[in-house]
Structure formats: C-alpha cells, structure tokens
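Read the structure below first, then the notes.
Below, all heavy atoms of this structure are taken into account, side chains as well, without hydrogens, waters or symmetry copies. Remember, predicted model here, so these are calculated numbers, not experimental data. Residue numbering restarts at 1 for every chain, and letters A, B, ... go by the order of the sequence lines.
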Amino acid sequence: MKQHIADLISAALKTLSENGIFSADVQPDIMVENTRDKSHGDFASNVALTLAKPARRNPRELAQLITEALPISSTLEKTEIAGPGFINFFVTQESTTAVIEQIIAQKDQFGRGLAGSNERTQVEFVSANPTGPLHVGHGRGAAYGAAVADLLEAAGVPVEREYYVNDAGRQMNILATSVWLRYLEQFDTAITFPSNGYKGDYILDIAASVADAHGDLYNRSLDDVMRDIPADEPQGGDKDSHIDALTERAQELLSAEGYAIFFNAALDSILSDIRDDLSEFGITYQKWFSELSLNTNGDVDSAINILQEKGYLFEEEGNLWFRSTDFGDDKDRVVRRANGLTTYFASDIAYLKNKFERGFEKVLYIWGADHHGYIARMKAACQALGYDPERLLVRLVQFAILYRGEERVQMSTRSGSFVTLRELREEVGKDACRFFYVTRKADQHMDFDLELAKTESKDNPIYYIQYAHARVCSIHRKLAEHSWTWDCDAGLAHLNRLDTEYEKDLITQLSKYPEILTNAAVNYEPHLLANYLKELANDFHSYYNANKMLIDDAELRNARITLSEATRQILNNGLTLLGVNSPEQM
RNA sequence: GUGCCCAUAGCUCAACUGGAUAGAGCAACGCCCUUCUAAGGCGUAGGUUGUAGGUUCGAUUCCUACUGGGCGCACCA
C-alpha cells in the first residue's frame with residue numbers, strides 16, 4: 001500500500017515537473033509513512049516539505065499542486081493537506097480489509113521475503129568457550145542471535161548459523177588439567193586444587209567418567225605431579241605460573257594419547273551440554289566450527305602469510321606483529337609470539353578469511369558488549385585481507401541484570417555463584433526467557449525480573465500475548481458449543497461489516513506486520529517485532545472486550561471470526577520467529 | 001588518562017531511523033464479570049527527552065562541548 005501511494009506521488013511529481021513547476025533533475029526520495037494519529041488518515045507523506053526548497057514554493061501550496069496532480073486511484077478515499085505541508089492519505093475500507101484476505105491465504109508465509117536482498121549472511125553467535133555450562137549472560141546473545149537469524153531468513157535473506165568453538169589455547173589446557181587433577185583425587189591423592197583451575201561440579205563428573213572408562217591408568221604419584229611446581233597464589237606464589245606448570249606436567253606425565261583423553265573428555269562433555277542446552281532453548285546451528293581445525297589445516301599460517309606478503313607484518317623483539325594501526329586500530333597486534341605460538345587474534349583472522357572463502361557475502365558477529373574493543377582490529381584485519389570492511393558486521397549485546405522482584409541476583413564467577421542458562425530456563429520457562437531477552441534493544445542494558453517472567457497476568461508481556469492467541473482458539477471451541485461452524489469464505493465476503501473503531505485499529509495493526517518484520521530483520525532489531533506483538537495483542541484484547549463474536553448475525557459473526565483468525569495467524573507467525581510457542585489454551 | 005556505548009514519566013522501556021500534540025506497561029487513583037477465559041478491558045494523572053550550544057521548514061533522533069553511568073585499553077582466552 002505504501003508503495004502504491006509512493007507510485008501515485010511519483011506520477012504526480014512527474015506531471016508537475018513536465019509542467020515546469022520544478023526542474024526535472026530534482027529527484028527526491030518519496031517517503032510514505034504510517035500516521036501516528038488517526039485523524040491524519042492512514043498514511044502521510046512529507047514530499048512537499050522536502051521539495052519546497054528546490055521548487056522554491058511554499059510547502060502547503062506545493063502539497064496542493066501535488067494532490068491535484070495525483071492519478072485517480074480506487075484505493076484512495078481522500079487526501080488532506082495538514083500541518084506545515086504534510087499530505088495525508090485516507091484509504092478506502094476495501095483496500096484496508098484486503099490484508100485479512102492475504103493473511104488467510106498466505107498463512108505462515110504472510111509478510112515474508114520482503115528484504116529485497118539475497119546476500120548470503122552468516123550469523124555467528126554465542127561461541128562461548130567450552131570450559132563450562134552457559135550462564136545467563138550467554139542467554140541474551142543466544143536469544144538475540146537466534147531471533148536475528150530467523151528474522152533474516154523470514155525476510156528472504158539466506159542465513160547460516162554458526163558457533164565458533166574455542167577448542168584451542170591455554171584455557172582448554174587448564175580445563176584438561178583440572179579434569180586430570182580431579183581424576184587423581186578419585187585415587188585418594190591429596191591435591192591442593194589450583195586456585196586458577198576450573199572448580200565446577202561438572203569437572204568432578206567428567207573426571208569420574210574417565211576413571212570409569214580407564215581405571216587408574218593415568219594415576220600418578222603426588223610427588224611426580226608436584227615436583228618443582230612453583231607455589232600457587234594462596235601459598236604466596238603466582239597463580240598463573242602455578243597452573244601453567246601443572247598443565248605442562250600433565251602433558252609430560254600422560255603422553256599425547258593420555259592427555260588427549262582428558263582433553264577430549266572435557267571438550268566433548270561440555271560441548272554436548274552446551275548443544276543440548278541451546279537446543280532446548282530452541283536454537284540449532286548449521287555448523288559448529290572448531291578453532292583447532294584452523295591450526296591443523298594450515299589456515300592460520302596461510303592467513304599470516306597473506307598479511308606477510310602484503311607487507312602488513314613486522315617483527316619486533318622476536319614477536320610477529322600486524323600493523324593494524326594502518327587501518328585505524330589503536331595499536332598494533334601480535335599474531336605470533338617469540339615462542340612460536342600464534343595468538344588468538346591470528347585464529348580470528350584465519351577464521352574471518354575462512355568465512356569469506358566459504359562464499360558469505362556478509363558475516364555478522366554477535367558479541368558481548370565487553371568485546372567492543374575487538375571491532376577495530378577485526379575491521380583492520382578484514383581490510384588487510386582485501387575484503388570490504390562493510391561486509392563484516394558486529395552487533396553488541398549488553399548484559400542482562402537478573403532481579404528477583406526488587407532484589408538483584410548476585411552473580412560472581414569467582415565464588416561460583418553464577419546462574420546458568422539451564423537454571424534460568426527451568427525457573428521461568430523457555431518462552432518467557434526467549435521473549436524477555438529480545439524485548440529490549442540489544443545495546444541497552446536490561447533488567448530481567450525473574451518474578452515478572454513467571455507472573456501469569458497481563459503484567460507479564462509474554463502471557464499477555466500468548467493469552468490473546470489462546471483466546472482466538474477458545475472462540476473456535478465455543479463456536480462448536482453453539483453448533484456453529486466458522487465459514488471463512490462467508491467471513492471474507494462480509495469484511496465490510498467490520499466497521500467499529502476497534503476493528504479498524506486491529507486491521508491497521510495487522511497490515512503493518514510485513515514492514516515490521518522486514519525492518520526488524522534488516523536492522524537486526526528483533527525488539528521491534530516483540531513490541532509489535534504486544535501492541536497487536538493489546539488491540540485484540542480491546543476488540544474482544546468491546547465486540548462480541550458469537551452472535552446470531554451469521555455475516556458479522558463469520559467476518560469477526562475471520563478477523564480474529566487473521567490476528568491469531570500473525571501472533572503465531574511473530575512468536576514463532578522469536579522462538580516462542582503459541583498455546584491454544586492457557 | 002584515552003576510546004566505544006548509554007542517558008526519555010517515580011520504575012522498566014518504546015518512538016517506523018529527521019516529522020505533526022514524545023508513546024506503552026508497572027506503580028497511584030476511579031470504573032467494568034447473570035454475557036465468547038477478569039490470565040482481560042475502559043478512564044484519570046504523570047515530561048523543559050541529563051546540561052549548554054549548533055545544523056534546518058522541523059531534532060529524542062545528526063554535530064560540538066560538558067555532566068553522570070557502563071565497558072574496553074595484554075605477547076589472556
């Protein structure tokens with residue numbers, strides 16, 4: 001409809017420029033927007049305001065000329081000129097109610113595929129280190145990333161979801177060593193557990209499973225383990241050198257195969273836990289990408305070589321540096337240390353290159369807000385590799401602070417009192433979690449109130465929306481009790497009977513769905529859809545209270561039920577995109 | 001110290017990406033169940049959009065400087 005009106009304006013402008021009102025080289029963007037106030041009609045355009053200067057005319061006078069030059073259209077009831085020179089368009093009832101027919105016909109396909117882009121896009125999100133279970137901080141990134149990916153797909157953009165598994169590096173060695181030390185404890189070895197080790201209960205479980213499978217094969221004496229190991233921090237030493245010495249000792253005493261057993265037991269167990277967790281959260285990935293694979297297949301070396309050949313690398317004090325400052329970064333970055341090990345950033349560069357080589361037109365990274373300092377160096381790497389930095393997109397997700405009513409839920413990794421995503425899901429349910437996480441703009445801090453998420457009343461937006469859906473379903477059940485059936489065709493044939501204010505408002509709201517979906521998708525802002533669904537539910541509840549559906553007048557009854565059914569369909573479509581269920585009964 | 005993000009009703013947040021009188025929900029107050037689920041609806045009240053400038057027909061939105069908060073600034077992952 002917007003496009004149709006824009007076309008009409010465009011035709012009018014053409015007429016005016018042919019008549020010499022303004023020169024033909026003036027080509028304005030024709031903006032048609034939804035009106036905020038019903039008295040302003042259904043749509044409004046500001047063309048007269050933007051054209052006033054080049055046409056050297058008073059905007060209201062120009063608006064008058066434009067409306068007079070508009071081609072005749074059966075969809076327009078009338079136009080008005082208002083305010084400083086807005087043109088307000090009033091649309092006929094038939095063209096407004098047509099949206100109901102489209103929704104009924106297209107069902108879950110309604111509003112999809114309008115992004116106008118078929119650029120293959122990769123969305124990489126969560127990508128938490130596989131060193132422990134996901135916590136609530138990861139939950140927001142998960143819900144946001146999944147919603148963005150699903151929205152893009154719905155808008156017609158080809159999408160792949162990917163999880164980058166950080167299965168290389170020091171933290172993984174500390175993890176494997178932690179499991180081994182817990183394993184040793186199974187044989188009554190009195191180890192003082194390193195302060196920097198992973199202390200979670202899940203480590204004990206993994207250690208026990210290794211003991212079940214391999215018995216005491218990897219048991220070593222306390223003397224062998226601790227010989228010449230520097231003191232830990234509580235004993236007046238340094239926690240980092242202590243744990244690093246222990247990880248080296250583990251590899252010495254266990255041989256490659258033995259060490260790999262602990263390493264893989266930890267990785268497999270934790271990763272499958274993360275996978276299950278996300279799956280229960282309604283999130284699945286097309287690919288789980290191993291960081292380690294970048295090292296073993298030579299991608300890291302080849303990425304470094306490319307930068308070397310292009311002359312962006314230099315050596316200093318034995319380290320190999322990438323001159324990222326050439327591309328706007330704050331400081332240069334090490335890619336290979338003097339000890340020969342490549343840095344985490346080197347893997348990131350190789351991974352980026354790998355993504356583009358797989359043919360993605362755009363790569364979207366979703367990071368916690370604390371990672372914003374990485375954007376500049378990644379953009380720099382992108383440019384240095386020879387790719388347009390516009391193709392690399394980063395969206396930051398702020399932390400969610402948990403509240404239980406007024407009380408802030410204290411979380412601290414150090415004390416191990418962090419809340420896991422699984423615990424959150426078990427407490428408030430998947431639907432409330434998924435919805436709450438995406439109701440706020442991603443770059444806004446948000447308060448997540450556990451009590452509110454569990455409330456079963458209109459205070460809780462997710463119940464409010466789901467209840468609207470259930471209410472429509474309930475009407476169908478009640479219909480049977482009156483021995484009536486819903487005649488959709490009869491309903492569609494009498495949409496002109498839908499003339500109350502509530503009905504008009506609801507229909508107008510329904511007609512906005514396609515552009516809300518598209519906007520939410522292309523701007524990576526799922527909160528737009530979440531808020532829209534709240535408004536739609538609100539319009540439906542108002543309607544439901546004011547106008548009765550189960551009435552003797554068959555024409556009106558069928559028309560109203562058809563409108564309700566269209567509303568149910570949109571609620572269902574929208575909730576599905578956000579990963580939320582649409583219950584038929586509350 | 002320096003860079004990025006944020007600041008809107010008492011509280012939690014919106015505002016179609018520069019449009020008309022800045023909107024919802026909580027909390028407060030007043031109504032509506034012999035009628036399809038009151039798990040709901042209707043209404044009242046609540047604002048100098050952090051401060052000061054600037055850009056223009058028009059600014060919550062863009063620019064600059066302040067104020068206050070969050071985060072980053074490793075040869076860590």
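Annotation: cation-pi geometry satisfied between A/Arg471 and A/Tyr544 (NZ/CZ under 6.0 angstrom from ring centroid, within 45° of ring axis). Both the sub-6.0 Å distance and the 45° axial angle are not jointly satisfied by A/Arg333 relative to the ring of A/Trp321.
As judged by a 4.0 angstrom heavy-atom cut-off over every strand, A/Leu452 is placed among residues making no nucleic acid contact. Across all strands, A/Ala82 comes closer than 4.0 Å to base atoms (heavy-atom distances). Note on A/Lys478: only backbone sugar-phosphate atoms sit closer than 4.0 angstrom, heavy atoms only; bases stay farther off. Using a 4.0 Å heavy-atom criterion, one finds that A/Asn129 contacts the sugar-phosphate atoms exclusively. A/Ala468 comes within 4.0 angstrom of nothing in the nucleic acid, heavy atoms only. Contact annotation for A/Glu316: no contact, since no heavy-atom pair falls under 4.0 Å across all strands. Among the atoms of the strands shown, only primed sugar atoms or phosphate atoms (P, OP1, OP2) are found under 4.0 Å from some heavy atom of A/Met446. Residue contacts for A/Tyr464: at a heavy-atom cut-off of 4.0 Å it reaches the sugar-phosphate backbone alone, with no base atom in range. Among the heavy atoms of the strands lying under 4.0 Å from A/Asn547 is at least one base atom, whether or not backbone atoms are also near. Across all strands, A/Ala369 comes closer than 4.0 Å only to sugar-phosphate atoms, never to a base (heavy-atom distances). Nucleic acid contact class of A/His40 (heavy atoms, under 4.0 Å, all strands): base. At a threshold of 4.0 angstrom between heavy atoms, the contacts of A/Asn538 are confined to the sugar-phosphate backbone, with no base atom among them.
Distances from the side chain of A/His445 to the nucleotides B/rG70, B/rU12, B/rC6 place B/rG70 closest. Of the candidates B/rC16, B/rC76, B/rG19, B/rC16 carries the atom nearest the A/Lys2 side chain, counting heavy atoms from C-beta on. The A/His527 side chain lies nearest to B/rA14 when the options are B/rA14, B/rC71, B/rU17. Listed candidates were B/rC16, B/rU12, B/rC42. Nearest to the side chain of A/Asn34 is B/rC16. Proximity note for A/Thr35 (side chain, C-beta onward) versus B/rA20, B/rC75, B/rG19: the nearest is B/rA20. Nearest to the side chain of A/Asp443, among B/rC13, B/rG72, B/rC5, sits B/rC5. Checked against B/rC76, B/rC13, B/rC57, the side chain of A/Arg337 finds its nearest nucleotide in B/rC76. Between B/rA20, B/rG19, B/rC5, one nucleotide has an atom nearer to the side chain of A/Asn88 than all others, and that is B/rA20. Distances from the side chain of A/Ser542 to the nucleotides B/rC42, B/rC16, B/rA20 place B/rC42 closest. Distance from the side chain of A/His372 is smallest to B/rC71 among B/rG19, B/rC71, B/rC76.
Between the side chain of A/Asn58 and the backbone N or O of A/Arg60, at least one donor-acceptor pair lies under 3.5 Å. Put simply, the side chain of A/Ser127 never gets that close to the backbone of A/Tyr163: no donor and acceptor are under 3.5 Å apart. A donor-acceptor pair under 3.5 Å is formed between the side chain of A/Asn558 and the backbone N or O of A/Asp487.
Under 4.0 Å is where a charged nitrogen must lie from a carboxylate oxygen, and between A/Glu565 and A/Arg568 at least one such pair does. Using a 4.0 Å cut-off between charged side-chain N and carboxylate O, A/Arg497 and A/Asp553 make a salt bridge. The residues A/Arg323 and A/Asp329 are annotated as not salt-bridged, no charged nitrogen and carboxylate oxygen being separated by less than 4.0 angstrom.
Using P as the reference atom, B/rA52 and B/rU61 are 13 Å apart when rounded to the nearest Å. B/rC6 and B/rC16 are spaced 15 Å apart, taking the P atom of each and rounding to whole Å. Nucleotides B/rU8 and B/rU60 are separated by 7 Å at their C1' atoms, to the nearest Å. B/rC32 sits 49 Å from B/rC71 when the C1' atoms are compared, rounded to a whole Å. On the P atoms, B/rU21 is 13 Å away from B/rG58, given to the nearest whole Å. Look at the C1' atom in both B/rA14 and B/rG47: the space between them is 15 Å, to the nearest Å. The separation of B/rG18 from B/rU55, taken at their C1' atoms, amounts to 12 Å, rounded to a whole angstrom. The separation of B/rA7 from B/rG69, taken at their C1' atoms, amounts to 8 Å, rounded to a whole angstrom.
Between A/Tyr513 and A/Tyr532, the ring planes are tilted. Angles from 30° to 60° get that label.
Mapping A/Gln585 and A/Pro84 onto RNA chain B by nearest heavy atom places A/Pro84 closer to the 5' end of the strand. Heavy-atom distances to RNA chain B give each of A/His482 and A/Phe86 a nearest nucleotide, and the one nearer the 5′ end belongs to A/Phe86.
Distance, A/Asp329 CG to B/rA74 C1': 13 Å, rounded to whole Å. For the pair A/Arg440 CZ and B/rC6 P, the interatomic distance rounds to 17 Å; values are reported in whole Å. Separating the CG atom of A/Asp447 from the C1' atom of B/rC6 is a distance of 14 Å, rounded to the nearest angstrom. Whole-Å rounding puts the A/Phe399 CZ to B/rG70 C1' distance at 10 Å. The nearest whole Å value for the distance from the NE2 atom in A/His469 to the P atom in B/rC36 is 21 Å. The distance from atom CD of A/Gln398 to atom C1' of B/rU12 is 16 Å, rounded to the nearest whole Å.
Base orientation for B/rU49: anti, the chi torsion being more than 90° from 0. B/rC33 has its base syn relative to the sugar, with a glycosidic angle deviating from 0 by at most 90°.
For A/Lys331, a side-chain nitrogen or oxygen approaches OP1 or OP2 of B/rA74 to under 4.0 Å. Using a 4.0 Å cut-off, some side-chain N or O of A/Gln444 falls inside it from OP1 or OP2 of B/rA14. In terms of phosphate contacts, A/Arg471 brings a side-chain nitrogen or oxygen within less than 4.0 Å of OP1 or OP2 of B/rA38. The side chain of A/Lys441 contributes an N or O atom lying less than 4.0 Å from OP1 or OP2 of B/rA15. Side-chain N/O atoms of A/Tyr513 include none lying less than 4.0 angstrom from OP1 or OP2 on B/rC16. A sub-4.0 Å separation between OP1 or OP2 of B/rA15 and a side-chain N or O of A/Arg36 is absent.
A distance cut-off of 5.5 Å between ring centres, combined with a plane angle under 30°, leaves A/Tyr463 outside any stacking arrangement with the base of B/rA39.
If you check distances only, the side chain of A/Glu481 never reaches the base of B/rC36 with a donor-acceptor pair under 3.5 Å. Counting distance only, with no hydrogens placed and no angle test, the side-chain atoms of A/Asn46 and the base atoms of B/rG19 include a donor-acceptor pair under 3.5 Å. Interface remark: the A/Asn319 side chain does form a donor-acceptor pair with the B/rC75 base, using a distance-only criterion of under 3.5 Å.
Side-chain contact between A/Glu124 and A/Leu364 is absent, with no heavy atoms from C-beta onward closer than 4.5 Å.
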